[in-house]
Amino acid sequence: METSIIISGFGGQGTLFAGQLLTYAALDCGKHCTWIPSYGPEMRGGTAHCTVIISEEEIGSPIVRNPDVVLAMNLPSLDKYEPLIKAGGVMIANQSLINREIERNDITTLFIPGNDIAEGLGSSRTTNMVMAGAMLELTSVLPLDAVKNALDQHIPARNRKYLELNYEAMEVGAKFARENIKLTA
Amino acid sequence: METSIIISGFGGQGTLFAGQLLTYAALDCGKHCTWIPSYGPEMRGGTAHCTVIISEEEIGSPIVRNPDVVLAMNLPSLDKYEPLIKAGGVMIANQSLINREIERNDITTLFIPGNDIAEGLGSSRTTNMVMAGAMLELTSVLPLDAVKNALDQHIPARNRKYLELNYEAMEVGAKFARENIKLTA
Amino acid sequence: MATTLPNLVYQRPESLSTRVTHYCPGCTHGTAHRLIAEVLDEMDLREQTIGVAPVGCSVFAYNYFNHDYVEAAHGRAPAMATGIKRVLPNQTVYTYQGDGDLASIGMAEIMHVAARGENITVIFINNAIYGMTGGQMAPTTLPGMVTTSSPAGRDVESMGFPIRMAEILSNMDGAGYIVRRSLHNPANIRKSKKAIRLAFETQQRGLGFSMVELLSSCPTNWKVTPNDALTFIEDNMIPTFPLGDYKVNEEIAKLRV
Amino acid sequence: MATTLPNLVYQRPESLSTRVTHYCPGCTHGTAHRLIAEVLDEMDLREQTIGVAPVGCSVFAYNYFNHDYVEAAHGRAPAMATGIKRVLPNQTVYTYQGDGDLASIGMAEIMHVAARGENITVIFINNAIYGMTGGQMAPTTLPGMVTTSSPAGRDVESMGFPIRMAEILSNMDGAGYIVRRSLHNPANIRKSKKAIRLAFETQQRGLGFSMVELLSSCPTNWKVTPNDALTFIEDNMIPTFPLGDYKVNEEIAKLRV
Amino acid sequence: MALKGWIEVNELHCKGCELCVVACPQDVMSLDMERLTPKGYHPVHLHAEGCTGCGICAIVCPDAALTVFREAKQPARAGA
Amino acid sequence: MALKGWIEVNELHCKGCELCVVACPQDVMSLDMERLTPKGYHPVHLHAEGCTGCGICAIVCPDAALTVFREAKQPARAGA
Amino acid sequence: MAKKLYKGNEALAEAAVRAGCEGFFGYPITPSTEFLEYMAKRMPELGRAFVQAESEVAAINMVYGAACTGKRVMTASSSPGVSLMMEGISYIAGTELPVVVVNVMRGGPGLGNIAPSQGDYYQMVKGGGHGDYFPISLAPASVQEAVDTIGLAFDLAEKYRSIVHVLVDGNIGQMMEPCEMPPMLDLNKRPLPDWAVTGAKDREKRVLSSIYIDPAEEEVTNIRLLKRWMEVEKNEVRYKELFMDDAEIAIIAFGTAGRVASSAVRQAREQGIKVGLFRPITLAPFPKKQIEAISKRVRRILVVEMNTGMMLEDVDQFVQGRVPIEFYGRIGGVTPFPDEIYDEIIRMWENIDAPAPENPRQEWVERLEKILAGGK
Amino acid sequence: MAKKLYKGNEALAEAAVRAGCEGFFGYPITPSTEFLEYMAKRMPELGRAFVQAESEVAAINMVYGAACTGKRVMTASSSPGVSLMMEGISYIAGTELPVVVVNVMRGGPGLGNIAPSQGDYYQMVKGGGHGDYFPISLAPASVQEAVDTIGLAFDLAEKYRSIVHVLVDGNIGQMMEPCEMPPMLDLNKRPLPDWAVTGAKDREKRVLSSIYIDPAEEEVTNIRLLKRWMEVEKNEVRYKELFMDDAEIAIIAFGTAGRVASSAVRQAREQGIKVGLFRPITLAPFPKKQIEAISKRVRRILVVEMNTGMMLEDVDQFVQGRVPIEFYGRIGGVTPFPDEIYDEIIRMWENIDAPAPENPRQEWVERLEKILAGGK
Ligand SMILES: Cc1ncc(C[n+]2csc(CCOP(=O)(O)OP(=O)(O)O)c2C)c(N)n1
Ligand SMILES: Cc1ncc(C[n+]2csc(CCOP(=O)(O)OP(=O)(O)O)c2C)c(N)n1
Ligand code: SF4
Ligand code: SF4
Ligand code: SF4
Ligand code: SF4
Ligand code: SF4
Ligand code: SF4
Ligand SMILES: [Mg+2]
Ligand SMILES: [Mg+2]
């Protein structure tokens, strides 16, 4: 079983780190995994996305055209990946920055007000964790604890003080997913 | 009919210019011709030689291992080319700087005291012309006048005053060849 | 030029294209662009000017100006400009280069274009960093300054000392106008513009090589806000890179613009 | 060192090999070689010294010295020397370079080795010409001087001005010892030797980059006799390339040798 | 009497870097937190009376995002 | 009383460039037109008395072809 | 030792450190910069030499000098930077010095872009420098393989006194993958080669140079290099195979292209399609014999590259027309998706006996332009 | 017009002047220096641009800039100097500019020597710079042919907006031969290309660059270059044949090697040996079809080069094992004498049906070492 996840958003939304976190966790769980970023010449702005693949067997291509799971942190990301995501795939969309509905009905979609929840928790910088938590709830790709544990090991020193906050963000995200998934699924 | 001529001596003995002169003359006579020098990293001293090929047909290789004619202006040149010259070939050796006999008897050899004759004429710098004159006498590769004419056209301006002297050097060289060739042939 | 309304104090120069730059917010690359465009407008040179873009954050400079442009290999803009100027001697040719481009990989080319007294103008953006590649040490990086390739701070013993190009190039007999200015506040921006004007005047008069070194900010790689970056220039860069005129042809010195 | 007879005034230094050089008669490349060898003998450095030969007439320098040597690409000797010095910091490393090698194609490498304050020594032979390739114009060729690539004489307007490397390199904070000397007569040869000594002393003390620029003759390409070539240095080169100390670390200035 | 001036902000170019905000001698500029530019920045605006049309903001703007006007008794024209 | 000195010429290295000839303060050096070195040059020699062993010739010799000696009261050693 | 997650560039750098690299000289360039940045931190920790050179020209010549001392030294760069090293690389080859050069390839020619590419195949594999020399060229396809390749590169460089090129593309440089690092090489256990220039203490002087001004001597040198190369060809060919035993279609691809192809091959195998993958790891020495053998076994060959078909020419040379060869490539910094290659496999499988394309490159361009028009 | 005697380098230079070269930028290097020296005198006479650059890196970038103006410009150098131009050449190719680069090849690798060689075949013909580009490579074999080639080079460069390499070796650069010069091109009759950057007077601004930061755009550019190249392959193949009609042994050789071979072929023909010479003039585009045809006609092929067998690989690719291929080369600056090639012809004639050598290069080295031992 191989799961491909694309996390996409504005630069600065922590998409790349969120992806790395999943990859660290996958490694801890003894799985094969790859993380590959988009990289560009511009230092600021633009969109940043990464592809994470988690698998039981050796991984061939580190990139996929049609991902199983997409975390769309902003509108351009949703626009780009809605048509590409696999049938039966899971789309987690950041409602706070997305003001439209979704057309596809052959995928599981969760609209989650990532920024609002994060700001509610005290810092919009945990939006990525909120959405990651939701994703982990809706897909059984990795246990939440594994990701928490990875965060504990890899959170940059300067942010360690936010560790608990990030844990909470993941849980709230997961909780939101549990409670709201019915609505759109 | 293709004639290959190698002119070899110390740098400064005018070997390259003598070769060019024959090539200019050959061109004036409507023949195919090539001139190719040895070129090295050192600015002074060492030996300098060039290969001239004069032919009725298009010329293939501009270099030959076994020349028809050799002008050996010094001992190292004789040592190098005596074994290589074609059987039946013509060797013009500058006796003034060569203190040995020649072993091969399957070639026509002329020992000519180039420097002594030249100095007798007033300038050792015409040694190359003396030997060229002798060579033209012993081989019918080019008429002497054609070479004179070429010299007239291509002598560097600063040396023009020596034009007549160079003519004379060629003639004396030719005369010497006429009178002495019997001795060794 | 666009007709100016009677009550217009300032408007975007014509020699700038309408394209939005990719520069980070507050990056003074943009300021330098603006000043060049204003000078080209004022001297009415837009239609005869050919710019040479470097490899660096300003690699896309050709998109932001409204005149002919070519894009050079990293550090070779002065050679490329020489080639253009030699076959089109009546056109106005300038290069726009960063400190890595000009003072590191392009050192030989800038030195020789100055020695030849090539009639071109160089706008040299000194931001003490390799911006485009993500903040590595530049030849102009200050002692002790932390960069991604001097993680413990620039140790002058093992990594060398900052290079002062304006001072060095002023040794060249071929140089007609060599100055250093800064973009950190309005007064200095005004002075910078005047210097750019005089550099182009030097070229138009065939007085030899001209260069304006501009101290410029890189908020992103310095990891400070745009305004703090300007303070950094004033407090930290100017002491190492003193502003001033290093070589000015007397004809230009006399000039009033 | 070889034992010296009581009445011996001068003998060939041990650090020179017995190989006859390919240099033209009277070419002062040979004099420079001799002085380096004498200094290495006197400082007893032969067994720990690695030389870097350039591309130029001195391309075969490695044949003429009696110590380890490597041969660089044209102009890159300072980079090669940097590589050696960085992995063998306790060894003595010097480059020997001509003006085309150092001031033309190798400009970036010499500037940066100085900026880095690399602890190496550079012996710079300025003969105002490209000797090895048959007398083309060098960056140091004098104005008006006829060469095979400036057949009508060096026109500074189109071919540029002579470059004064000692002056330029003295701008570098990484430089410990930068001087210009000449090889045109006994007194100046003595001074040149002392300078070479001080350059190596600078390296041995870890005081940074050291360079001795030596005005040298090229009778062959200048098309004069060896002795006239020395006169040419005195009358024509020294006015353009003034002899003197351009940067001397104070510790070295105090030194008595 | 104080000159009266005003600015136009080109929201395509303004990146909300606040260089002008700090440079403005009259302290009448600030980012408009209500608005987002197409590139996702908060643009500057005049939040108070008192702009003299001195043009300083335009001189420091890296993105030439500002046009400056002034009620001109006599036609004036400045610029960096 | 004038010092007495003499030189040895290494004919392998001497190229007959005459730098020493001109430099010699005693004017006692010249090329030996009778001899040719293996490389084909006329080497220098002392053509007259009066060498002081000052070593100047050795200092100017590009090919380190000269060894210089001096009748030493007290052992001396010079060199460039 | 447990696996750790590394970014490709950093994994390569750490692997070099562990392989005993005592000197790194480089210049920043995307997408290889993290290699230099990692070394900037790591080498000084270990008291080893790191210099950010003023240019790639200087960098390769610093490497040249440092290599003369017999130490293990290297540089890493990307396409335009590597072009600037061509003279230095030729000198290193001519001086018979062991040196490792890593090229994290990007889209070209010219400034191009910073996206992954395999367009430097000729430059790296044939040797873009002047004169007759024979670079060993290694092309790993994963971070772990890259790590293993670096150690091998230093060993081969020393064994054959040769320049060794390691070719990866931006994908491998930028991606993170778990990998296991080799142990640290004990530098004290490393004997210094007998040609090393270190100062002539208690021995004859040594000289290292690439000049042989007498053509006869240069000829002897060239022959020595060539014979050494023929040894390399004999001993050092390396490659990986996937489902090749019963394959009727063989895909031949290296590096990332090979890795992407492996996904397509697995997918096709699930459909029962007899397709296999042959992935050269040594591009030089090229697996001639193996490809010759394959061409006698399979019915069709598809070469996949991230360039306009460079290795294609080499494959064509050794297939000698035995079976039809087709080509598929994405270029200019584009990495193909597995489905593109899968589509190619299906197409070929359905036309397994179609005649050989007159010009595989031509037919590919036509297909590719359709795909691009179709927006896929 | 009457023939005049020219030194190769000077003939090439004068031919360039007459072909309308308006800018020459170079750096001295043996054995091409006379080219620069001639231009130093000639270009100013005509009020055209000449610059002795500070290096070959600067020279090629001056050419790059000057070429942007739409004028005919060029440089000339020799092996190590050309290596330093690789980045610039890749940029020129990526910017689709017409530029002519002359390489007067010398012995390598590294500093090597200044004697004639053909060891830069890969660098010139495959392209030693980074990225996918397709240099047109021309290899004349006489001074007259070199003169004619220069005009052709400028025409092809403009027709295909391509870099054009002219490969000669030191022999052709240094020798004197009679040749006839073309007339002076009238510069006023030359229309300026519509992409030329000259100042945006009364028109939209123009930009010339090799950046395509979006891989999709770079891919389109690469495809454009490739399709243009396929046109070149279709239209521009050039070669010379000697006694090929009834040849049973074909010698394939370019430049000086081909010229020397022609002497051997004539000599062998006098002995009634059915041998012919095929001499490619365009090394790129390579005469694939012609060589394929030859391989169907002859019984044996001998490739002769002044390198270790670079074109040999290309010949092998298109012969596809139809007939045995053998190789003979002299390397490191050595030019073969006709008799060496004659001996090879005799050997092959006497073993005309011998099996194909397992590895032609290997067997050649063994023969060559015997010859060298024998001192011949
Ligand atoms: C030959 C080559 N080497 C390296 C690079 C990578 N590179 C691109 S920009 C740059 C440095 C830019 O720094 P600077 O010139 O200071 O410009 P800035 O971005 O700071 O304005 C480098 C090293 C390249 N493109 N080409
Ligand atoms: C890359 C490269 N370019 C050019 C040359 C040719 N070349 C050899 S020496 C030399 C110049 C030598 O002049 P200089 O450095 O002044 O040394 P000199 O011979 O005068 O002592 C040149 C251009 C080369 N060998 N390599
Ligand atoms: S990285 Fe620095 S230099 Fe580049 S655009 Fe951003 S701020 Fe400006
Ligand atoms: S050419 Fe000039 S520099 Fe070279 S050896 Fe001769 S005299 Fe000396
Ligand atoms: S300076 Fe310009 S870009 Fe910055 S905030 Fe003011 S108007 Fe906007
Ligand atoms: S014009 Fe002057 S006063 Fe008005 S906003 Fe700008 S800076 Fe402030
Ligand atoms: S200086 Fe030296 S080489 Fe010259 S003549 Fe005197 S001894 Fe001979
Ligand atoms: S030692 Fe002095 S006196 Fe004697 S020969 Fe030499 S220079 Fe003349
Ligand atoms: Mg910078
Ligand atoms: Mg010189």
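This structure is a prediction, so every number in the text was calculated from the model and none was measured. Below, chain A is the first sequence line, B the second, and so on; all start at residue 1.
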Select one option (side chain, backbone, both, neither) describing which atoms of P151(D) are under 4.5 Å from chain H's heavy atoms. side chain

Just grab all the ring pair (Phe, Tyr, Trp, His ring centres under 6.0 Å) pairs involving residues 98-129 of chain D, residues at least two apart or on different chains. none

Select one option (side chain, backbone, both, neither) describing which atoms of A53(H) are under 4.5 Å from chain D's heavy atoms. backbone

CD1-CE distance between I114(H) and M132(D), expressed to the nearest 0.5 angstrom: 7.0 Å

All donor-acceptor atom pairs under 3.5 Å, backbone and side chain, chain D-chain H:
residue : atom : partner : partner atom : Å
H74(D)  : NE2  : Y27(H)  : OH           : 2.9
S104(D) : OG   : E54(H)  : O            : 2.8
I105(D) : N    : E54(H)  : O            : 3.0
Y130(D) : OH   : Y27(H)  : OH           : 3.0
Q136(D) : NE2  : E37(H)  : OE2          : 2.5
M137(D) : O    : Q52(H)  : NE2          : 2.8
T148(D) : OG1  : E37(H)  : OE2          : 2.6
S149(D) : OG   : Q52(H)  : OE1          : 2.5

Between I105(D) and V57(H), is a side-chain contact (heavy atoms from CB on, under 4.5 Å) present by the stated rule, with each step listed? CA-CA 9 Å; I105(D) 194 170; V57(H) 172; over 6 Å; no

